[in-house]
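Structure provided below as structure tokens; questions to follow.
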Amino acid sequence: MFELNSILERDSILVGNFPLSQLRLINDSQFPWLILVPRRSGVTEIHQLVESDRQLLMSESCLLAEALHDAFSADKLNIAAIGNKVTQLHVHHVVRFESDVCWPEPVWGKVPALPYSQQALVDVLQKIRSLLSDDLTLPDDNAELYY
């Protein structure tokens, strides 16, 4: 049975579900930063997924990357499955700008997170959900919207 890692749950907000993965927004307003978390138990690496799930993860990742690049006019997208601190498989999609606080370095561990204000969170979730509305199943309630 799939169970979300407590750190991922604490640090992110559920956006919705793709066929394979939960889509979650990292609660750091400095970067549009989302993660895909395949709903498979005990998986820590992409190669551990069955072939059909690997293909589905790649499709979901590319769909998300294209939507984020276009919606936020990204200078660069950083996409990575690192997992050194949280071993549950999750794939980061970080929209990067040459003007962001960490450019050109990676965002991981460079600066403290700056949580979204309530209105900014509503706005970014609405933007992402509307971009992916054809492919994303929304949560049954918006309890996580206001955490």
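Just so it is clear, the values below take in all heavy atoms, side chains as well, and ignore hydrogens, waters and symmetry mates.
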Under a 4.5 Å cut-off applied to non-hydrogen side-chain atoms, are Leu57 and Phe18 in contact? no

Asp75 side chain to Glu98 main-chain N or O, any donor-acceptor pair under 3.5 Å? yes

Indicate yes or no: at least one non-hydrogen side-chain atom of Val37 is less than 4.5 angstrom from one of Phe2. yes

If the plane angle is over 60° it's perpendicular, under 30° parallel, otherwise tilted; pick one for Trp33 and His92. tilted

Can a donor-acceptor pair be found, under 3.5 Å and without considering hydrogens, that links the side chain of Asn27 to the backbone of Asp11? no

Checking side-chain hydrogen bond (donor to acceptor under 3.5 Å, both in side chains) against Ser12, which of Arg24, Gln22, His90 comes through? Arg24

Ignoring hydrogens and geometry, is there a side-chain-to-backbone donor-acceptor pair from Thr44 to Thr87 under 3.5 Å? no

Distance, nearest 0.5 Å, that separates CG of Asp70 from CD of Glu66: 5.5 Å

Any donor-acceptor pair under 3.5 Å from Glu45 side chain to Gly83 backbone: no

Please determine whether the number of non-hydrogen atoms from other residues, nucleotides or ligands lying under 6.0 Å from atom CD of Gln48 exceeds 12. yes

Is the number of heavy atoms from other residues, nucleotides or ligands within 6.0 Å of CD (Glu51) greater than 12? yes

For Phe97, does the six-membered ring have the charged nitrogen or CZ of Lys76 within the cation-pi criterion, i.e. under 6.0 angstrom from the centroid and within 45° of the normal? no

With side chains defined as the heavy atoms from C-beta onward, is the minimum distance between His93 and Ile35 less than 4.5 Å? no

Does some side-chain heavy atom of Pro19 sit less than 4.5 Å from a side-chain heavy atom of Glu60? yes

Would you find a donor on one side and an acceptor on the other, under 3.5 Å apart, between the side chain of Arg96 and the backbone of Glu105? yes

Ser21 backbone acceptor or donor facing Arg39 side chain under 3.5 Å: yes

Supply the atom-to-atom distance Ile128 CD1 to Leu68 CG, rounded to the nearest 0.5 angstrom. 6.5 Å

